[in-house]
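Since the structure comes first, as structure tokens, the remarks are kept for the end.
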Amino acid sequence: CDLTPPPEHIRSFGLVGAGAILDAAHLPAYKAAGIPVAAMWARDSEKARADAERHGIPRLHHTLDDLLSDDEKQAFDHLSVFAGGWTSGAATQVLPGALGAIEMVARLVDKSLVLSEVGPTGTRYRMLETLRGFASDRLEQRGAKLTARDGHLEWALGLIDTLERDMRTSRQDASLRAVRPEHDNLRTARAHASERGDTLSALRITASAPIDTHVDRQHRLGAHFAQPGDTPPDLLARARYTALGAAFEGGDFADGVEHGREAARLFAELGDRTQGAYAQMLTAFCQWSLGEDVTEPLRDALRVFDDLADVMGRAYLNWTLSQWELQTGGDLDAAISRGRLAVDLFDSIDAPHGVAHATEGLGHLLAATGDLDGAMTQMRAALDQLHDLGNGGCMAHALDGVAIVLVQRGENDGGAELVGAARRLRENSGAAPRPWETDATERCLADLRSSLDGPRFDAAVARGRELGMGEVVDRARELDTR
């Protein structure tokens, strides 16, 4: 038990709740730590009365309101608009200005009505869902819910402003990481925008924030494209590009080509060469998946990025062209040089997703030359990076890469196990195989089926499917070090 004296600002606090656990554990611990409980409230008034008498708590409140000042009540109710928590900066933008957001949140934390949690992105705050529902009902009773939700939507659109500015630039990965904890808030804000008929704000959130499955995103965007109304051309172009990405990730490659060509047309009309080149590149990915020759579209896009000195674009195209050359029997030495350049370019702009994908691609190139140790080093590095990023869909193809190397080494049971783990991750994420993965993965499966009998192959795949995201990383390490 940590009996460190409480922070200086905590003189006493009010407690919400009562019962056996509080009586036997929490209240004795508060007393031992020198933190006096000044008052308590619980829905079960009899339990609260018994605990208060037993532990000498001087005040027993009959309603939650008795614990709070008028300003605290107002802040508590307004904060219920957040879903999945908030930061102090977000509270400052959403709470009425006169309340003093940082002080109000601190006071609600002291009274155990708000929880504070320190994580990798800093301190976040949240309410227990029962308290959030209670506060939300009171906000509606006050007639203040619409205004509070409008403020929440305005704050959410500020996040979207940043994403719109930073996507497909060197700031992209940092912005995506920063917004990840706010996915529930963005879904809630989008729902409010739709309810009040603000279709453009809802479209901006869908087009910019990765908060939906690929199928849901396509459905939402497709409904808008059917009746675009007076959508500004720049927003419509971004939405088409997003639909292109969702179609590619979900394996709807023909739809992706349609969205990509429309996005490229709109970006050309807007005079935006950079975004037009990205649309051309991603459209080529879909065409590649459909069996088309994409040599010229990829080289054309690279020429644009070279001309614009766009580091992110150059990195993507060098990585992609290295895999295209691998698949089409090009010069492997040149392809490896391209692959290494892509890793360096992504690393120079702190783009960890790009580094991971280019690292995996380099692994495939090294495997093709017979350098299996070098290939395994690259594949496992990519797997570790993608796990750290929480990207299960992309972990699937990195696992396939590790499996390919294991099978080339003759370690077939382990390879089949990781194939099973990759299948499970791919099913959970909805991500379709990338075109540059398909040939090597199919060869790997053919080798496994020819070397393992059916029951043995199925059993290994089944073992792999039981592994969680963290477990597959450890299992890949074990199999590599046998």
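Taking a cutoff of 4.0 Å between a charged side-chain nitrogen and a carboxylate oxygen, R107 and E103 qualify as a salt bridge. Salt bridge annotation for R217-E249: absent, with no cationic side-chain nitrogen under 4.0 angstrom from a carboxylate oxygen. A salt bridge links E478 with R475: at least one charged nitrogen is closer than 4.0 Å to a carboxylate oxygen. In summary, R54 and D51 engage in a salt bridge, as defined by a charged side-chain N under 4.0 Å from a carboxylate O. A salt bridge links R463 with E417; the closest basic N to acidic carboxylate O contact falls under 4.0 Å. For the pair E195 and R149, the salt-bridge criterion is met [side-chain N within less than 4.0 Å of a carboxylate O]. Contact check on E360 versus R380 returns no salt bridge, with no Lys/Arg side-chain nitrogen under 4.0 Å from an Asp/Glu carboxylate oxygen. Contact check on E269 versus R265 returns a salt bridge, with a Lys/Arg side-chain nitrogen under 4.0 Å from an Asp/Glu carboxylate oxygen.
Here the closest non-hydrogen pair linking V472 and A421 is CG1-CB, 3.6 Å. Nearest heavy-atom pair, P28 versus L22, reported as atom, atom and distance to 0.1 Å: CD-O, 3.9 Å. For L95 against A75, the heavy-atom pair with the smallest separation is CD2-O, 3.7 Å. Between L79 and A91, the shortest heavy-atom contact is CD2-CB, 4.0 Å. Across all non-hydrogen atoms, the minimal contact from P181 to R177 is CD-O, 3.6 Å. Nearest heavy atoms, G85 versus R126: CA-CB, 4.0 Å.
Side-chain contact between L244 and V257: absent, with no pair of heavy atoms (C-beta onward) separated by less than 4.5 Å. Annotation: side chain of E182 is in contact with side chain of T87 (closest heavy-atom distance under 4.5 Å). Between V304 and T274 there is no side-chain heavy-atom pair separated by less than 4.5 Å. Residues T242 and S208 have side chains not in contact (no heavy-atom distance under 4.5 Å, counting atoms from C-beta outward). With contacts defined as side-chain heavy-atom distances shorter than 4.5 Å, the pair V81/N185 does not qualify. Annotation: side chain of L467 is not in contact with side chain of D474 (no heavy-atom distance under 4.5 Å). A heavy-atom distance below 4.5 Å is not found between the side chains of K111 and F76. Two residues are said to be in side-chain contact when any heavy atoms from C-beta on lie closer than 4.5 Å; W86 and V94 fail this criterion.
No donor-acceptor distance shorter than 3.5 angstrom exists from the side chain of D400 to the backbone of V419, with no hydrogens or angles considered. Checking side-chain atoms of S80 against main-chain N and O of D77 turns up a donor-acceptor pair under 3.5 Å. Side chain of H78 to main chain of Q74: a donor-acceptor pair is present (N/O by atom type, distance under 3.5 Å, no hydrogens or angles). Proximity of a side-chain donor or acceptor of D384 to a complementary backbone N or O of V473 within less than 3.5 Å is not detected. Remark: side-chain polar atoms of R240 are not paired, donor with acceptor, to backbone N or O of A263 under 3.5 angstrom. When atom types are taken as modelled, the side chain of R426 and the backbone of M395 share no donor-acceptor pair closer than 3.5 angstrom. The backbone N or O of A83 sits nowhere less than 3.5 Å from a side-chain atom of D184 that would complete a donor-acceptor pair. Panel note: side chain R132, backbone M127; no donor-acceptor pair is recorded below 3.5 Å. Between the side chain of E72 and the backbone N or O of S69, at least one donor-acceptor pair lies under 3.5 Å. With T123 contributing its side chain and G119 its backbone, the two residues share no donor-acceptor pair below 3.5 Å.
Aromatic ring orientation, Y241 versus Y278: perpendicular (interplanar angle above 60°, classes split at 30° and 60°). By the 30° and 60° cut-offs, the orientation of the rings of F253 relative to F248 is tilted. By the 30° and 60° cut-offs, the orientation of the rings of F346 relative to W319 is perpendicular.
Other residues, nucleotides and ligands place more than 12 heavy atoms under 6.0 Å from the CZ atom of R196. Environment of CD1 in I102: sparse, with no more than 12 heavy atoms of neighbouring residues, nucleotides or ligands closer than 6.0 Å.
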Exercise for the section: Apply side chain to side chain contact (heavy atoms under 4.5 Å, CB included) to Y125 and E117, showing your working. Expected result: CA-CA 6 Å; Y125 304 90; E117 299 168 333; over 6 Å; no
Assess whether side chain to side chain contact (heavy atoms under 4.5 Å, CB included) is satisfied between S175 and M167, documenting all intermediate values. CA-CA 8 Å; S175 291; M167 289 304 291; 6.0 Å; no
TODO: Could you go through the side chain to side chain contact (heavy atoms under 4.5 Å, CB included) check for V311 and S348 one step at a time?
DONE: CA-CA 9 Å; V311 178; S348 74; 3.9 Å; yes
task: Begin from the C-alpha positions of D480 and R477 and carry the test salt bridge (Lys or Arg N to Asp or Glu O under 4.0 Å) through to its verdict.
output: CA-CA 5 Å; D480 182 35; R477 185 183 303 114; over 6 Å; no
Kindly indicate, with the supporting measurements, whether the criterion side chain to side chain contact (heavy atoms under 4.5 Å, CB included) is fulfilled by R190 and R204.
CA-CA 9 Å; R190 180 177 63 189; R204 287 182 64 201; over 6 Å; no
Practice prompt. Give the intermediate values and the outcome of ring pair (Phe, Tyr, Trp, His ring centres under 6.0 Å) for residues H55 and Y30.
Written response: CA-CA 10 Å; H55 296 277; Y30 296 146; 9.8 Å; no
Discussion item. Applying side-chain hydrogen bond (donor to acceptor under 3.5 Å, both in side chains) to D166 and T169, what does each step give before you reach the verdict?
Written reply: CA-CA 5 Å; D166 291 350; T169 73; 4.6 Å; no
Next on the checklist: Pair H224, T231 - check side-chain hydrogen bond (donor to acceptor under 3.5 Å, both in side chains), show working.
Outcome noted: CA-CA 9 Å; H224 185 85; T231 305; 2.7 Å; yes
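Because its NZ or CZ atom is not both nearer than 6.0 Å to the ring centre of F267 and within 45° of the ring axis, R273 does not count as a cation-pi partner of that residue.
Rounding to the nearest 0.5 Å places CG of D310 at 10.5 Å from CZ of R168. Note: I205 CD1 to L186 CG = 6.0 Å, rounded to the nearest 0.5 Å. Summarising the geometry, atom NZ belonging to K73 is positioned 14.5 Å from atom CG belonging to L139; distances are rounded to the nearest 0.5 Å. With rounding to the nearest 0.5 angstrom, the CG atom of L345 is 11.0 Å from the CG atom of L317. The structure places OG of S201 at 4.5 Å from CG of L157, a figure rounded to the nearest 0.5 Å. With rounding to the nearest 0.5 angstrom, the CZ atom of F305 is 8.5 Å from the CD atom of Q280.
Side-chain atoms of D272 and Q275 form no donor-acceptor pair, as typed in the model, at a separation below 3.5 Å. When only modelled atom types and interatomic distance are considered, H152 and T188 share no side-chain donor-acceptor pair under 3.5 Å. Side chain to side chain, D150 and H192 meet the donor-acceptor criterion of an N or O pair below 3.5 Å.
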